[in-house]
Amino acid sequence: MATPTPERESHQDTTPPFTFEQAIEKHKQEDSTTMVILRFRAIGNAPILKTPYRKVNATFTVQRVINFLRKELKYKDIDPLYVYINSAFAPAPDETMGSLFKSFSTDGQLIINYCTMAAWG
């Protein structure tokens with residue numbers, strides 16, 4: 001007859017290193033100090049930027065980048081301007097550059113295509 005072995009006690013602490021709120025705050029702090037490289041590519045008859053590369057904060061939203069493009073291209077609010085990521089899809093205006101960069105960056109840069117007429121999607 002085998003002798004019963006005492007249950008093993010777990011020596012590992014099962015509590016998370018920080019709470020959910022602390023994790024969110026840490027993520028925000030990391031994004032606020034992270035910079036991402038954007039590469040702008042004109043499509044169709046859209047004017048070409050003098051400097052196609054920009055380094056921006058990861059917390060910048062797509063809407064903020066669109067506003068920047070409008071200012072650089074001297075476009076009015078009524079002038080059409082379409083923005084696409086990697087010639088594939090139009091991102092939501094509230095999407096951050098950091099999350100797009102993590103998911104869709106190519107060679108360390110996020111390619112943003114812009115045009116005056118709907119091209120993809």
> Shortest non-hydrogen contact from A42 to P47?
Replying inline: CB-O, 3.7 Å
> What pair of heavy atoms forms the shortest contact from A58 to V36, and how long is it?
Replying inline: CB-CG1, 4.3 Å
>> Under the rule for side-chain hydrogen bond (donor to acceptor under 3.5 Å, both in side chains), what residues qualify as partners of N86, not counting sequence neighbours?
In response: none
> If you round to the nearest 0.5 Å, how far is OG1 of T61 from CD of E95?
Replying inline: 10.0 Å
>> Using 0.5 Å steps for rounding, measure from the CZ atom of F101 to the OG1 atom of T96.
In response: 12.0 Å
> Under 3.5 Å, is there a donor-acceptor pair between the side chain of R41 and the main chain of I111?
Replying inline: no
> Listed by chain and number, what are the side-chain hydrogen bond (donor to acceptor under 3.5 Å, both in side chains) partners of Q109, not counting sequence neighbours?
Replying inline: none
> Is there a donor-acceptor pair under 3.5 Å between the side chain of S103 and the backbone N or O of L100?
Replying inline: no
>> For N45 and T116, which I'm curious about, is there any donor-acceptor pair between the side chains at under 3.5 Å?
In response: yes
>> What verdict does the side chain to side chain contact (heavy atoms under 4.5 Å, CB included) test give for I85 and L110, after you've listed the backbone C-alpha separation in whole Å, the side-chain angles of each residue and the deciding distance to 0.1 Å?
In response: CA-CA 8 Å; I85 302 298; L110 182 63; 3.8 Å; yes
> With R39, which residues qualify under salt bridge (charged side-chain N to carboxylate O under 4.0 Å, His left out), at least two apart?
Replying inline: none
> Can you tell me how far the CZ atom of F60 sits from the CE atom of M35, to the nearest 0.5 Å?
Replying inline: 7.0 Å
>> Over 60° means perpendicular and under 30° means parallel, so tell me whether F68 and F40 are parallel, tilted or perpendicular.
In response: tilted
> At what distance, to the nearest 0.5 angstrom, does CD of E72 lie from OG1 of T51?
Replying inline: 6.5 Å
> Quick one: side-chain hydrogen bond (donor to acceptor under 3.5 Å, both in side chains) partners of D77, sequence neighbours excluded?
Replying inline: none
> Going by heavy atoms in the side chains, are V83 and L69 under 4.5 Å from each other?
Replying inline: yes
>> Tell me if a side-chain donor or acceptor on Y75 pairs with a main-chain N or O of N67 at a distance below 3.5 Å.
In response: no
> For residues N113 and S87, is any side-chain donor paired with an opposing acceptor at under 3.5 Å?
Replying inline: yes
> Quick one: CZ on R70 to NZ on K76, what's the gap to the nearest 0.5 Å?
Replying inline: 12.0 Å
>> Checking S105 now: which residues fulfil side-chain hydrogen bond (donor to acceptor under 3.5 Å, both in side chains) with it, not counting sequence neighbours?
In response: none
> When rounded to the nearest 0.5 angstrom, what distance separates CG in D79 from CG in L73?
Replying inline: 10.0 Å
> With clusters built from Ile, Leu, Val, Met, Phe, Trp and Tyr whose side-chain heavy atoms come within less than 4.5 Å, directly or transitively, what are the remaining members of the cluster of Y53, listed by chain and number?
Replying inline: I37
>> For V65 and I112: C-alpha separation, side-chain torsions, deciding distance, then whether side chain to side chain contact (heavy atoms under 4.5 Å, CB included) applies.
In response: CA-CA 10 Å; V65 171; I112 299 180; 4.1 Å; yes
> Does the side chain of Y114 reach to within under 4.5 Å of the side chain of L81, using non-hydrogen atoms?
Replying inline: yes
>> Using every non-hydrogen atom in the two residues, find where A46 and C115 come nearest and quote the distance to one decimal.
In response: CB-CA, 3.9 Å
> Which heavy-atom pair separates M97 from V56 by the least distance, and what is that distance?
Replying inline: CG-CG2, 4.3 Å
